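All remarks here apply to the structure that follows.
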2 protein chains.
Amino acid sequence: MRPTVHHVAEEAGVSLATVDRVLNRRPGVRAKTVTRVNEAIAKLGYVRDISAANLAKQRVYNLVFIIPEGPNSFMLGLESELGQAKLYSALERINLDILKVRAFDSDALANVLDGLDLTQISGVALVATESHRVQGALARLRQANIPVVTLVSDVSAAHRDHYVGIDNVAAGRTAASLMGRFVGHKPGKIALLAGSMLVRDHVERRIGFEQVISAEFPELDCLTVQEGRDDAMVTRSVLADFLGREPGIVGLYSIGAGNRGVIDVLTSKPEYGSIAVVAHELTEHSKRALREGVFDAVINQDAGHEVRSAIRLLKASIDETQVIAKQEIIRIEIYIRDNLP
Amino acid sequence: MRPTVHHVAEEAGVSLATVDRVLNRRPGVRAKTVTRVNEAIAKLGYVRDISAANLAKQRVYNLVFIIPEGPNSFMLGLESELGQAKLYSALERINLDILKVRAFDSDALANVLDGLDLTQISGVALVATESHRVQGALARLRQANIPVVTLVSDVSAAHRDHYVGIDNVAAGRTAASLMGRFVGHKPGKIALLAGSMLVRDHVERRIGFEQVISAEFPELDCLTVQEGRDDAMVTRSVLADFLGREPGIVGLYSIGAGNRGVIDVLTSKPEYGSIAVVAHELTEHSKRALREGVFDAVINQDAGHEVRSAIRLLKASIDETQVIAKQEIIRIEIYIRDNLP
DNA sequence: CTGAAAGCGCTTACAG
DNA sequence: CTGAAAGCGCTTACAG
């Protein structure tokens, strides 16, 4: 049988209240008593039963998720996963608040962060757009002992406790290796289409992509990055123009969102059918594009996994417990027509 | 505030004990009283706090995992994940027992299943080798109301509650699509190497693979399947012989385990360097093979995810609660050199 | 067929 | 600085 606080109290010759004080590092216990209790804990191999503790405390975890608003399918998917998570989290005394903020707008993000009532919040997860103000706001949270997790798009490591997302340089390299093989060593130009070069994830994917193309597929030539603002409408006109005026394109790497716009353009002219396409994020649109042969591969990160992982990491920070490291690694998933979920 | 048993009792005008009887469907309550309590539950939207219930019950979940023994790296990985899971599961009153049985030996498996003490067990997960006797043994478990989950290799759906693993036909199709692209539409022969044609997963992968090759890459010719018993030594000699006597092989699909043997043979002669290779399961060996360009792609299923999923599914069956369906889907993962975890 | 009281492992005022 | 008692939401003998 697992030892309980009662066993520890008896072993240390103190009361339950004192054991509890030591366990929770509350002040007002003599150093000598602390030592006695800690020795008893070590001797018995006592491990606290967190659910019993939470029951007694009537603890509630108030977690705030801040995500970009707008018609980006991936972010809508993330939001829907958060909705799902909200339902079952309630059973574990976890409250999820979802706040939306303008995409790519670091000031708007900083405003939301600054507006949080720190006395009401146990942890924060955010899809970051980095800026000096955002960094300051995050520092304030962490000073208040509120754990911060970045989701999908990171800030520099000093300003958050964890990053939940993929290694975007590696994702770009992965895209490039697939692209090179799909094109099949015939020379040509590669079009690059991103949401914005202001967010770290898109920048990093591009870096990884160009690394591998220049090192291993020198016959391919990466053109200047076009920006579609992760918006299907903008993407459509930007890409249509670009393909119209650049002949000899054999491959397209769609770094960001806006896949609907990409698909519209690619299916608008028969000659675009031969372009090898690697895109990001599995959505209903990109799944269909894979099935119909418009896209050749999609690199994905599992939004549901990311949401659950962020929740587990925040809760573990708050409880000061361990997570299972391998469970929290977000994989760079490759999808082709045949392994769609 | 969430309603509790106290609120339900008051609303229904009964005692806590009676509420508890209804909640747990215990006998000895008048039908009329049952209705009153259920109405109160519905009216208040009461949801039982499982951790409080488990605390009161001092409930322990005894889960048995049955996996094949032997030097198969994937199964050793699965075992190590089970070891990990054992550590943290203890915190949630879950006991894991790991039983090992000879690989591909359905009688040995049936013997272990028949030997289980059904009064001591809450749930069973097994890597299945199917047979009539195994089916019978599983039926006996399920009659005793013990949930059964198959892991990695399935039996027919009537004999288990859940299957935790990938769709192996789709995995085979995925391997074929990659193979076809990697070979690059030049004609040639494809070698197929499996562990055993007695296990469903290997049979299914082969079916999927040949479907896609014959439909979409008619220039490729699949040769007779060789069996390596998921053993590196056996695999090595079988494959070396085979490649020695079959000229014109442009691709190799390694359906099962025994990757070490495959790597040894492929690196033994320079002319094998041009063979496109798709294999299964990410292990230290196959990762190295990807990095060094010996393998072109590896199809993987995440053993850690499978173990955790099996535990969650068994626990949910026992508690009669819901799981998050999407979290329990095991993905057909594709790894190339660039997206290794 | 039903209920009052004690207990699961932990925490929290309150008293001293 | 320390302890006795009550309580978190649920379940379990025991009594009637």
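From a predicted model like this one, the values you see are computed outputs, not experimental measurements. The chains referred to below are lettered A, B, ... by the order of the sequence lines, with proteins before strands, and numbering in each begins at 1. Just the heavy atoms: all of them, side chains too, but no hydrogens, waters or symmetry mates, feed the values below.
- Gln135(B) CD: more than 12 foreign heavy atoms inside a 6.0 Å radius.
- In this model, a donor atom of one side chain and an acceptor atom of the other lie less than 3.5 Å apart for Tyr61(B) and Asn54(B).
- For DNA chain D, the residues of residues 50-58 of chain A within the heavy-atom distance limit of 4.0 Å (strictly under) are Leu55(A), Ala56(A), Gln58(A), sorted by number.
- Under the 3.5 Å distance criterion, the side-chain polar atoms of Arg160(A) are left unmatched by any main-chain donor or acceptor of Val148(A).
- Salt bridge status for Arg25(B) with Glu320(B): present, with a side-chain N to carboxylate O gap under 4.0 Å.
- In this structure, Glu79(A) pairs ionically with Lys100(A), as a charged nitrogen and a carboxylate oxygen lie closer than 4.0 Å.
- A salt bridge links Arg331(B) with Asp302(A): the closest approach of a Lys/Arg side-chain nitrogen to an acidic carboxylate oxygen falls below 4.0 angstrom.
- Counting heavy atoms from C-beta on, the side chains of Arg308(A) and Ile324(B) come closer than 4.5 Å.
- For residues 115-140 of chain A, the set of pairs meeting the salt bridge (Lys or Arg N to Asp or Glu O under 4.0 Å) definition, not counting sequence neighbours, comprises Asp107(A)-Arg133(A), Asp114(A)-Arg133(A), Glu130(A)-Arg200(A).
- Of the residues in residues 25-45 of chain A, those lying under 4.0 Å from DNA chain D by heavy-atom distance are Gly28(A), Val29(A), Arg30(A), Thr33(A).
- If you walk DNA chain D from 5' to 3' and mark each nucleotide with an atom closer than 4.0 Å to a heavy atom of chain A, the marks span dC1(D) to dG9(D).
- A donor-acceptor contact shorter than 3.5 Å is absent between the side chain of Asp161(B) and the backbone of Pro147(B).
- Nearer the 5' end of DNA chain D, as judged by each residue's closest nucleotide, is the contact made by Val14(A), out of Arg21(B) and Val14(A).
- Contact annotation for Asp49(A): backbone-only contact, meaning every heavy-atom pair under 4.0 Å involves sugar-phosphate atoms and none involves a base.
- Within a 6.0 Å radius of CD in Gln327(A), more than 12 heavy atoms belonging to other residues, nucleotides or ligands are found.
- The neighbour count for Arg102(A) CZ, taken as heavy atoms of other residues, nucleotides or ligands under 6.0 Å away, does not exceed 12.
- Pairing analysis of DNA chain C (Watson-Crick: purine N1 to pyrimidine N3 plus N6-O4 or O6-N4; G-U wobble: N1-O2 and O6-N3; both under 3.5 Å) yields stems of 3 or more pairs at C:1-3 with D:14-16, C:5-12 with D:5-12, C:14-16 with D:1-3.
- Judged as a salt bridge (Lys or Arg N to Asp or Glu O under 4.0 Å), the pairs with a partner in residues 46-63 of chain B (not counting sequence neighbours) are, in order, Arg93(A)-Asp49(B).
- Side-chain N/O atoms of Glu281(A) and Gln301(A) include a donor and acceptor closer than 3.5 Å.
- Residue Arg48(B) is classed as a sugar-phosphate contact, given heavy-atom separations below 4.0 Å to backbone atoms only.
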